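Fair warning: this is a prediction, and the values are worked out from it, not measured in the lab. Atom set for the values below is all heavy atoms of this structure, side chains included, hydrogens, waters and symmetry mates excluded.
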Amino acid sequence: MTGQKMDWDKLRVFHAVAEAGSFTHAGDTLNLSQSAVSRQISALEEALAVPLFHRHARGLILTEQGEALNRTVREVFAKLAMTEALLAESKEKPAGRLKVTTTHSFGVAWLAPRLRHFLTQHQDVTVSLLLDDTDLDLAMREADVAIRMHPPRQPDLVQRHLGEIRSQIWASPDYAKQYGLPHTVEELDNHKLILFGDRKPPVPDVNWLGEIGRKDGTARRGVLEVNSLQAVLACVRAGIGIGTVPDYLVLDQTGLVPVLPEVKKPAIDMYFVYPEELRNSKRVSVFRDFLVNSISDRNGLPR
């Protein structure tokens, strides 16, 4: 394929359409009219002599050839974005945008309040914080670095163990007064539990409260399931039931009653991960040092 057929402008438009699923949405992203986007796609299909999209009333669907082209284009643009960021970074000091992803609860409760210190220290760095309970693809540059509650599953990622996150079991005084508290893990069978409800939980063993002490291998049902750890804590405070949340969410224990404090709870290993290509990035190294120092000082993760 010649450079004339595969010029960058058409590929950029094609990639935007493939990701957006419509000419209109892609046009909004590119600041182009729908007709201009459509003309670019038609010209690219004509140059390549293959259809790239199936046109439907409900939108656009990539053809097999379109899927193959989009995989390559996505990878190329991801590599270009990484190279651009590295080239923009000053040799003397860290600079540029750093895209950081982590789970919603950890990002809101622990990381976001501490970013002021990092940004004050490194004023040429800007942070884009992407909170998602699913793992964004670092290899495809959906984010630059990640704070994960499990070892990285993708190959070619550098990892740094940051520490352990502990959890406790809590109830409200109103719940304890109305229903009493369990004295053994087996007695949890007789209590109202608030569990994390999601097919893809953000951390391993997030619902260990529903499984601990069960000898038949089955799990307890929760009276309420919710896909937010902050909401689990709010429901515990409201007296709906007994729940477990990470210690970093419960800095203020006012109005909470510990449940089965002597029972050993599972610890969650936390990792800082990033692609091998960013090993020498100053933005990444100073952010890693910021995390390590924040967690090790007395204002770090509650133990």
Exercise. Before accepting this row, confirm whether a basic side-chain N of the pair Arg71/Glu64 lies closer than 4.0 Å to the acidic partner's carboxylate O.
Key: no
Quiz prompt | Backbone of Gln34 reached by a side-chain donor or acceptor of Ser38 within 3.5 Å | solution = no
Quiz item: Should Val259 and Val223 be counted in the same cluster of Ile, Leu, Val, Met, Phe, Trp and Tyr side chains packed under 4.5 Å apart?
Solution: no
Exercise. Indicate yes or no: at least one non-hydrogen side-chain atom of Leu44 is less than 4.5 angstrom from one of Leu52.
Key: yes
Practice problem: Decide yes or no for Trp110 and Ser294: does some side-chain heavy atom of the first lie under 4.5 Å from some side-chain heavy atom of the second? | Solution: yes
Exercise. Using the side chain to side chain donor-acceptor pair (under 3.5 Å) rule, take His150 and Asp269 through it: C-alpha gap first, then chi angles, then the decisive distance, then the call.
Key: CA-CA 6 Å; His150 57 79; Asp269 286 305; over 6 Å; no
Quiz prompt | Thr101 side chain to Leu130 backbone, donor-acceptor under 3.5 Å | solution = yes
Practice problem: Answer yes if the ring centres of Phe14 and Phe53 are under 6.0 angstrom apart, and no otherwise. | Solution: yes
Quiz item: Is there a side-chain contact between Leu60 and Phe23 (heavy atoms, below 4.5 Å)?
Solution: yes
Quiz item: Mind checking whether Trp170 and Leu193 sit in one hydrophobic cluster, side chains of I, L, V, M, F, W, Y counted as touching below 4.5 Å?
Solution: no
Quiz prompt | Donor-acceptor pair, side chain of Lys99 and main chain of Arg97, under 3.5 angstrom | solution = no
Quiz item: If every non-hydrogen atom of Pro173 is compared with every non-hydrogen atom of Gly255, which pair is closest and at what distance?
Solution: CD-O, 3.1 Å
Exercise. Keeping the roles fixed (side chain from Asn207, backbone from Gly210), state whether a donor-acceptor pair exists under 3.5 Å.
Key: no
Quiz item: Are Glu186 and Lys215 ion-paired here, with the side-chain N under 4.0 Å from a carboxylate O?
Solution: yes
Exercise. Taking all non-hydrogen atoms of both residues into account, name the closest pair between Pro182 and Ile242 and its distance.
Key: CD-CD1, 3.8 Å
Quiz item: Which pair of non-hydrogen atoms, one from Asp7 and one from Asp9, has the smallest distance, and what is that distance?
Solution: OD1-N, 3.1 Å
Quiz item: Are Val13 and Leu32 side-chain neighbours, meaning at least one heavy-atom pair lies under 4.5 Å?
Solution: yes
Quiz prompt | Chi angles and distances behind the side chain to side chain contact (heavy atoms under 4.5 Å, CB included) call for Leu229, His104 | solution = CA-CA 9 Å; Leu229 292 174; His104 190 271; over 6 Å; no
Exercise. Would you kindly confirm whether Leu69 and Met140 end up in one hydrophobic cluster when ILVMFWY residues are joined by side chain heavy atoms under 4.5 Å apart?
Key: no
Practice problem: Determine yes or no for a side-chain-to-main-chain donor-acceptor pair under 3.5 angstrom, with Glu225 supplying the side chain and Leu195 the backbone. | Solution: no
Quiz item: To the nearest 0.5 Å, how far apart are CG in Leu260 and CD in Glu187?
Solution: 8.0 Å
Practice problem: Measure up the Phe77 and His15 rings against each other and bin them: parallel (under 30°), tilted (30 to 60°), perpendicular (over 60°). | Solution: tilted
Practice problem: Find out whether His54 and Leu62 are in side-chain contact, i.e. whether some heavy atom of one side chain is under 4.5 Å from a heavy atom of the other. | Solution: no
Exercise. Treating Ile, Leu, Val, Met, Phe, Trp and Tyr as nodes and any side-chain heavy-atom pair under 4.5 angstrom as an edge, say whether Val284 and Met270 lie in one connected cluster.
Key: yes
Quiz item: Can any side-chain N or O of Arg160 pair as donor or acceptor with the backbone N or O of Phe272 at less than 3.5 Å?
Solution: no
Quiz prompt | Distance in Å, Leu129 CG paired with Ile147 CD1, rounded so as to fall on 0.5 Å steps | solution = 8.0 Å
Quiz item: Looking only at atom types and distance, does a side-chain atom of Arg279 sit under 3.5 Å from a main-chain N or O of Pro275, one as donor and one as acceptor?
Solution: no
Quiz item: Does any N or O in the side chain of Arg237 come within less than 3.5 Å of the main-chain N or O of Thr254, such that one atom is a donor and the other an acceptor?
Solution: yes
Quiz prompt | Closest heavy-atom pair and its distance - Lys10, Ala43 | solution = CE-CB, 3.5 Å
Quiz item: Between the side chain of Asn293 and the main-chain N/O of Asp289, is any donor-acceptor distance below 3.5 Å?
Solution: yes
Quiz prompt | Working for side chain to side chain donor-acceptor pair (under 3.5 Å), residues His117 and Thr120 | solution = CA-CA 5 Å; His117 179 65; Thr120 301; over 6 Å; no
Practice problem: Kindly indicate whether the side chain of Leu98, heavy atoms from C-beta on, has any atom under 4.5 Å from the side chain of His122. | Solution: no
Quiz item: Could you state the interatomic distance from CZ (Arg283) to CG (Asp144), rounded to the nearest 0.5 Å?
Solution: 6.0 Å
Quiz prompt | Distance (rounded to the nearest 0.5 Å) between Leu138 CG and Leu278 CG | solution = 9.0 Å
Quiz item: Honestly curious: do Val206 and Ile194 fall in one hydrophobic cluster under the side-chain, below-4.5 Å linking rule?
Solution: yes
Quiz prompt | Atom pair CE (Met149) and OG1 (Thr103), whose distance is rounded to the nearest 0.5 Å | solution = 4.0 Å
Quiz item: Between Tyr175 and Lys192, is there a donor-acceptor pair closer than 3.5 Å when you use the side chain of the first and the backbone of the second?
Solution: yes
Practice problem: Carefully, step by step, assess Ser33 and Ser35 under the rule side chain to side chain donor-acceptor pair (under 3.5 Å). | Solution: CA-CA 5 Å; Ser33 67; Ser35 58; 3.1 Å; yes
Quiz item: Going by heavy atoms in the side chains, are Ile268 and Asp205 under 4.5 Å from each other?
Solution: no
Quiz item: What class does the angle between the rings of Phe106 and Tyr248 fall in, given that below 30° is parallel, 30 to 60° is tilted and above 60° is perpendicular?
Solution: perpendicular
Quiz item: Could you give the distance from OG (Ser22) to CG (Asp28), rounded to the nearest 0.5 Å?
Solution: 7.5 Å
Self-check item: Within-4.5 Å side-chain heavy-atom neighbours: Asp247 and Gln168
Solution: yes
Quiz item: Which residue, Leu256, Val250, Val257, forms the side chain to side chain contact (heavy atoms under 4.5 Å, CB included) with Val236?
Solution: Leu256
Exercise. Would you please test Thr244 and Lys265 for side chain to side chain contact (heavy atoms under 4.5 Å, CB included) and show each step?
Key: CA-CA 10 Å; Thr244 177; Lys265 289 86 176 176; 5.7 Å; no
Quiz item: Is the shortest distance from a Lys or Arg side-chain nitrogen in Lys177 or Asp174 to a carboxylate oxygen in the other one below 4.0 Å?
Solution: no
